[in-house]
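Not measured: the values here are computed from a predicted model.
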Amino acid sequence: MEEDILMKNKLTLIKRSAPMCPDCHKMQNILEGEGIPFDTIDIAKDSDAIEKYNLSSVPVILIDSDEGQLKLNGIQPIEVIKELLEE
């Protein structure tokens, strides 16, 4: 099921909703505020994602490109995200 999600948009935000993750919420608000389409994987609802994506912290941004998948940890500047999405 998660593989289908990753194919819808070029960017996926991996977050945790419970307990609340302030950085996850902030990154989600930044993406939404910029109108960047993204999919979400919530590790509170999908604990298998922790192992699948080798997570040690959240938020994590996955960006799919022709070269493969780029994994960014933590809050990222929107300029960096936009540049990577244009590649």
Side-chain angles (χ1 to χ4, degrees):
M1 182 170 123
E2 294 301 329
E3 290 175 15
D4 294 337
I5 290 174
L6 291 175
M7 296 184 77
K8 290 180 184 174
N9 289 306
K10 191 173 179 178
L11 188 145
T12 300
L13 173 65
I14 302 177
K15 66 176 193 164
R16 182 186 69 231
S17 61
M20 179 62 171
C21 167
D23 288 346
C24 298
H25 186 69
K26 183 175 181 179
M27 194 71 249
Q28 182 171 340
N29 285 342
I30 290 169
L31 294 171
E32 288 173 348
E34 291 293 323
I36 296 173
F38 64 96
D39 296 307
T40 303
I41 297 173
D42 186 343
I43 62 169
K45 298 175 184 174
D46 182 5
S47 59
D48 292 338
I50 296 169
E51 185 176 331
K52 182 176 181 178
Y53 298 104
N54 193 27
L55 303 176
S56 59
S57 64
V58 288
V60 171
I61 295 174
L62 302 175
I63 298 178
D64 294 325
S65 70
D66 294 337
E67 292 82 35
Q69 193 172 69
L70 179 62
K71 180 178 169 183
L72 305 171
N73 295 308
I75 295 176
Q76 299 296 316
I78 195 63
E79 296 81 14
V80 171
I81 295 170
K82 285 181 176 180
E83 184 177 322
L84 290 169
L85 289 171
E86 289 175 3
E87 293 179 357

| query | Is there side-chain contact between Gln28 and Leu31, with at least one heavy-atom pair below 4.5 Å? | reply | no
| query | Looking at Ile43, Ile50, Leu55, which one forms a side chain to side chain contact (heavy atoms under 4.5 Å, CB included) with Arg16? | reply | Ile43
| request: Taking Lys10 for its side chain and Leu85 for its backbone only, find out whether a donor-acceptor pair lies under 3.5 Å. | output: yes
| Does Lys82 reach the main-chain N or O of Glu34 with its side chain, forming a donor-acceptor pair under 3.5 Å? | no
| query | Does some side-chain heavy atom of Leu84 sit less than 4.5 Å from a side-chain heavy atom of Val80? | reply | yes
| said: Please tell me whether Ile14 and Ile78 are part of a single hydrophobic cluster in this structure, the criterion being side-chain heavy atoms less than 4.5 Å apart. | reply: no
| Any side-chain heavy atom of Val60 sitting closer than 4.5 Å to one from Tyr53? | no
| said: Can you confirm whether more than 12 heavy atoms, excluding those of Lys71, are under 6.0 Å from its NZ atom? | reply: yes
| said: Please report the interatomic distance OG(Ser57) to CG(Asn73), rounded to the nearest 0.5 Å. | reply: 4.5 Å
| Do Met27 and Ile75 have side chains that get closer than 4.5 Å, going by heavy atoms? | yes
| task | Answer yes if Leu62 and Leu11 sit in the same cluster of Ile, Leu, Val, Met, Phe, Trp and Tyr residues linked by side chain heavy atoms under 4.5 Å apart, and no otherwise. | result | no
| task | Please report the closest heavy-atom contact between Thr40 and Phe38, naming both atoms and the distance. | result | OG1-CE1, 3.4 Å
| message | Do Pro59 and Leu13 have side chains that approach each other closer than 4.5 Å (heavy atoms only, starting at C-beta)? | response | yes
| remark: dist Ile41:CD1 -> Asp39:CG (nearest 0.5 Å) comes out at 8.0 Å
